[in-house]
Structures are given as structure tokens and as C-alpha cells.
Protein chains: 2
Amino acid sequence: MTKNIDLKEYWENKPQLLPSVSIDCVTLGFHNNQLKILLLKYKNTGYYALPGGFINLDEDLEDAAQRILEERTGLRNIYLEQFHVFGSNNRRNDDTHREIMAGCDIEIKPNNFLLNRFISIGYYALIDFTKATPSPDELSDSCMWYDLDKIPTLMFDHNEIFRKALETLRTMLDEKLICFNLLPETFTMNELQNLYETILGEKLVRSNFQRKMLSLGILERIEKKMTGAANKAPYLYRFVGEAY
Amino acid sequence: MTKNIDLKEYWENKPQLLPSVSIDCVTLGFHNNQLKILLLKYKNTGYYALPGGFINLDEDLEDAAQRILEERTGLRNIYLEQFHVFGSNNRRNDDTHREIMAGCDIEIKPNNFLLNRFISIGYYALIDFTKATPSPDELSDSCMWYDLDKIPTLMFDHNEIFRKALETLRTMLDEKLICFNLLPETFTMNELQNLYETILGEKLVRSNFQRKMLSLGILERIEKKMTGAANKAPYLYRFVGEAY
DNA sequence: GCTTCATTGTATCTTTTTGATACAATGAAA
DNA sequence: TTTCATTGTATCAAAAAGATACAATGAAGC
């Protein structure tokens with residue numbers, strides 16, 4: 001159990017972290033025409049949670065969020081956006097923290113960093129599913145993608161955090177061209193439309209959607225994509241607009 | 001100097017506050033067809049700042065923001081919205097805090113709460129100018145309205161916080177009918193248009209603006225307002241849409 | 001009392017955007 | 001060669017937005 005001894009040391013003498021502040025990330029990907037969210041499952045407890053973490057005392061908030069997600073996805077320079085701070089007074093979860101740690105054979109001492117009230121800064125991340133390689137942290141045994149309509153009950157207020165993230169994403173979809181962060185380098189118009197439809201939760205008219213997208217002047221048409229299906233092959237497109 | 005002795009006690013043994021977290025409020029009002037912002041000026045230092053404060057250990061984040069602004073405006077149930085968290089690592093301002101306190105004859109002891117890194121949660125508040133009664137806190141000698149184009153240089157990153165607030169307000173203006181929080185109970189179409197124009201920073205066509213607003217079905221037409229001017233009297237309107 | 005004038009409320013016309021539908025082109029399977 | 005689902009584009013109608021015009025109004029000036 002050398003690993004657990006290291007962990008023990010780490011969590012018992014938690015290094016210099018900014019008190020009271022945590023980060024939780026609603027990490028979205030798009031695959032098989034489905035929006036997916038990245039979730040952790042803690043060891044031996046059955047608790048599901050959003051990937052999250054704390055801020056080093058000498059670290060920018062944004063850097064912390066990037067670091068936390070880099071550790072879970074292997075990606076750098078992720079599209080990350082703050083959407084809300086969750087700061088209700090009842091965000092104290094001593095017992096849950098103890099349970100989670102106990103699941104890793106770690107005992108939390110009375111004055112531990114974790115046994116305090118935390119506010120959580122919510123970030124949503126839009127990432128290219130094909131490039132991410134999810135990996136669990138030391139406290140969890142899985143880090144996996146879940147369909148948005150199959151999200152299990154999450155720890156603390158994490159279900160609410162997800163709901164708010166999706167709400168913000170919906171309103172932002174019209175404001176900024178952010179959804180291309182969810183697609184691979186090249187994609188078909190159909191995939192793009194499916195993405196819009198899943199985020200907005202409504203069907204769009206194909207021909208009008210295509211007209212609208214093409215009129216924005218942000219798509220470069222590449223070669224055709226021979227799907228092998230018994231029908232006309234769609235074009236591939238590349239996003240050439242201003243990156244977010 | 002009994003008052004300063006009280007203050008001294010208060011700030012030297014700062015009560016139970018949530019560490020690392022502060023709140024700053026971009027508080028906007030509308031008067032004489034001008035957007036105004038509420039600013040504090042600290043005693044004996046010349047420092048201008050956004051109204052702000054800390055969160056009690058047993059207080060919801062939202063309640064703290066409401067309390068902080070209630071203390072400055074006398075208003076309850078203010079329209080308040082988070083817009084961004086400012087968390088760069090260089091948000092440590094020991095010297096400035098010492099100066100401000102020194103301006104009130106208070107010495108900050110080495111382990112004081114203030115001598116740490118703080119993140120700041122930015123809120124913007126939209127309030128009815130006619131109902132607010134600005135009052136400074138113990139550390140400042142003025143709490144006043146300033147025209148948006150005459151904002152002095154502010155402490156720390158407060159100018160940047162303001163800029164970001166205005167940016168958010170602009171995008172939210174189309175999303176939600178929030179600007180009525182800035183107007184008194186009744187108002188003319190002209191006042192409403194001026195408000196939109198100042199926030200958006202562009203001129204709108206009067207007739208089209210009126211058509212648009214009336215078509216939303218959120219305005220109730222009251223009696224006419226006799227201005228005394230040598231021209232047709234405008235109608236007064238009342239906002240009857242869904243409140244935010 | 002009549003004229004003058006800036007402002008207001010509304011109407012009208014045009015342009016642009018959006019919504020709905022139709023249709024020819026395509027690529028592989030039958 | 002036929003068939004068929006899908007794709008790209010065109011077309012027509014409806015709605016929204018932009019631009020301009022004009023009559024109504026309320027007080028001031030004469």
C-alpha cells in the first residue's frame with residue numbers, strides 16, 4: 001500500500017491551497033451524435049461527481065481549472081468558461097468527504113482542509129471527444145463519458161451545477177460560435193445540426209439550418225465524405241471562424 | 001475616537017468570515033438619461049473602489065451580496081447577478097489594505113484576514129436610482145454616483161471588473177428584460193430608449209424601437225405625462241412583464 | 001385665437017431574415 | 001438499370017427589422 005501511504009500524506013497534509021474555494025467542471029463531449037459528460041466515480045463508495053479540484057496558493061484561477069481538466073483528459077488549452085459560483089451556506093460535506101477518503105483508506109484529521117465550507121466555481125468545458133483520454137484521479141476508480149440523459153445522481157449539488165451549465169450553454173450558443181470546440185477538425189453539416197439540436201433540445205429544419213450556417217461565412221467546404229451508405233455523400237466542413 | 005476604537009477591534013479581530021473570498025458589486029442606476037455607477041472613496045487615501053465585502057461563515061453567497069448592497073443603498077431585494085470571478089494569482093494587495101486601514105488609524109497585524117490572496121466574485125446590480133440612498137461604510141468618506149464616462153481610476157482590478165460587468169450586461173440585455181430594474185415604476189418610451197442606447201452604446205431608430213417594445217406585450221400604458229414642454233405629451237408606461 | 005414648432009404615436013414601404021416545402025443530384029444497393 | 005435515402009439548393013410565404021413619412025399634440029410666441 002505504498003500508493004495509499006503517499007496519498008495519505010498528501011491528503012493529510014494538504015499542500016498550500018486557497019481555502020474555501022473549489023472548482024467543478026461540467027465537461028462536455030460529442031460522440032455518435034450524442035452529447036456526453038465526463039464523470040468520476042469515487043472508489044468503494046458509489047459516489048459520482050463532476051471532475052473538480054482546488055487552487056494552489058500561487059496559481060491563477062483559470063490555470064487551476066485548466067490543470068484540473070488536463071489531468072482528467074490529457075488535453076491542454078481546453079475551451080473553458082465560468083458560468084456560476086455555487087455558494088450556499090450548506091455546502092459543507094464533512095461526512096461525504098470522510099466517506100470518500102475512507103474509501104481510499106485515508107482518515108481525515110479534525111483540522112483537515114476539506115472539513116470546511118467551500119464555494120464552488122462552476123466551469124463548463126467543451127472538448128473534442130476524439131482527442132480526450134479520460135483518466136481517473138487517485139480517489140476514483142473511473143472517469144467516463146455519460147449520455148446526458150443517463151446522468152446518475154451526483155454528489156452534493158453537482159446535478160444542479162450540471163443543469164445550470166447546460167442552461168448557460170444554451171443561451172451562449174447564439175452569442176458565440178463555441179460549439180465547434182465539441183467537434184473534430186472536420187465534420188458534416190448533419191453532425192453540426194445534430195449538435196445544435198441536442199444542445200437546444202429541439203429539432204431544426206435541415207435546409208434552413210444549412211442555409212443559415214453557410215451564410216455565416218465560418219465554414220470552409222472540404223472534399224466529400226464517402227460514407228459507403230446508399231445515398232448522396234455529404235461534404236466535410238472545417239470551422240474557419242474566429243476561434244473561442 | 002471611540003468609533004475608531006470600535007473599528008479597530010472589528011478589523012483587528014475580524015469576525016468569522018469565509019477566507020479567500022470577496023464580493024465586488026458593479027451597481028448601476030439611471031438618472032437624467034445617464035447610466036451611473038456607485039463608487040466608494042476611502043478615507044484619507046484617494047482610493048476609489050467598487051462597493052464590496054466578505055461572506056460570513058454562516059451566510060449564503062447571494063445573501064452576502066444582498067447584505068453588502070443593502071448597507072450601501074438602503075434597498076432590499078436588489079436585482080443582483082453574478083457575472084465573473086476574478087481569480088488571478090496577483091490579487092494580493094497587502095500594501096493597499098494597509099494604506100486604507102492606516103487612513104482610518106487602524107494597524108493591520110501580521111496575521112490579519114486581509115493579508116491574504118482573495119478571489120473576487122463580481123456581481124452587477126441594477127437598481128432604481130430614485131429609491132437608493134447611498135451611504136459610505138466606516139472606511140470610506142463618500143459613496144456616490146458617477147457617470148459611466150467619468151469613472152476615476154479604481155483600486156486593484158476594479159476598472160477591469162466594471163468593464164466586464166458592462167460587457168455582460170450588454171449581452172444580457174437581449175436575453176432578459178432586466179433593464180426595467182433601472183427605471184422607476186413609470187417611465188416614458190423615450191426614457192426607456194435612452195436607457196437601451198446608453199447600455200448598448202448605439203443610437204436606435206425611435207419609431208422602430210417603440211414598435212418593438214409595444215409588440216413584446218410587457219408594457220402597460222398609463223395616463224399621459226404633461227411635461228410642460230411645448231410639444232406632444234408622451235404616455236407613461238409601467239412594466240408588466242415577468243419580473244427578473 | 002392663430003401660427004409655429006419640437007416631439008410623439010402610428011402608418012407605410014422596403015429589405016432582410018426566417019419558416020416551410022419542393023426538387024434535382026448523388027452514391028450505393030438491389 | 002432501377003430504387004431509395006440523403007444531400008444541396010431553389011422557391012415561395014411569413015415574420016422581423018430598417019427607413020421614412022405624416023398626422024396629432026401641447027405649449028409658446030405673436
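Per chain, numbering begins at 1; letters A, B, ... match sequence-line order. Remember, predicted model here, so these are calculated numbers, not experimental data. When reading the values below, keep in mind they use all heavy atoms of this one structure, side chains included, and skip hydrogens, waters and symmetry mates.
A:Ser22 places a side-chain N or O within 3.5 Å of a backbone atom of A:Ile119 that can act as its donor or acceptor partner.
Between the CG atom of A:Asp174 and the P atom of C:dT17 there is a distance of 16 Å, given to the nearest Å. Protein atom OH of A:Tyr235 is 9 Å distant from nucleotide atom P of C:dG27, rounded to whole Å. Computed from coordinates, the B:Phe209 CZ to C:dT10 P distance equals 15 Å when rounded to whole Å. Protein atom CE of A:Met189 is 17 Å distant from nucleotide atom P of D:dT6, rounded to whole Å. Across the protein-nucleic acid pair, A:Glu223 atom CD and D:dG8 atom P stand 13 Å apart, rounded to whole Å. Separating the CD atom of B:Gln210 from the P atom of C:dA11 is a distance of 11 Å, rounded to the nearest angstrom. One atom, CG of A:Leu216, and another, C1' of C:dT17, lie 12 Å apart when rounded to the nearest Å. Atom CG of A:Asn190 is separated from atom C1' of D:dT9 by 16 Å (rounded to the nearest Å).
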Kindly list each side-chain donor-acceptor pair under 3.5 angstrom involving residues 31-41 of chain A, sequence neighbours excluded, with atom names and distances?
from, atom 1, to, atom 2, distance (Å)
A:Asn33, OD1, A:Asn194, ND2, 3.4
A:Lys36, NZ, A:Asp147, OD1, 2.7

Without placing hydrogens or testing angles, list every side-chain donor-acceptor pair under 3.5 Å for residues 121-131 of chain A, not counting sequence neighbours.
from, atom 1, to, atom 2, distance (Å)
A:Tyr123, OH, A:Glu62, OE2, 2.9
A:Tyr123, OH, A:Gln82, NE2, 3.3
A:Asp128, OD1, A:Thr130, N, 3.0
A:Asp128, OD1, A:Thr130, OG1, 2.6
A:Asp128, OD2, A:Thr130, OG1, 3.3

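Each of A:Arg221 and B:Asn231 has a nearest nucleotide on DNA chain D; the 5'-most of these lies closest to A:Arg221.
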Any N/O pairs under 3.5 Å between the protein and nucleotides 18-25 of chain C? List them or say none.
from, atom 1, to, atom 2, distance (Å)
C:dT18, OP2, A:Lys212, NZ, 2.9
C:dG19, N7, A:Arg211, NH2, 2.9
C:dG19, O6, A:Arg211, NH1, 3.2
C:dA20, N7, A:Asn208, OD1, 3.3
C:dA20, N7, A:Asn208, ND2, 2.9
C:dA20, N6, A:Asn208, OD1, 3.1
C:dT21, O4, A:Ser207, OG, 2.5

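Residues meeting the side-chain contact (heavy atoms from CB on, under 4.5 Å) test with B:Asp174, sequence neighbours left out: none. In this structure B:Glu167 satisfies the side-chain contact (heavy atoms from CB on, under 4.5 Å) test together with B:Arg163, B:Lys164, sequence neighbours excluded. In this structure, A:Phe30 has no ring pair (Phe, Tyr, Trp, His ring centres under 6.0 Å) partners at least two apart in sequence or on a different chain.
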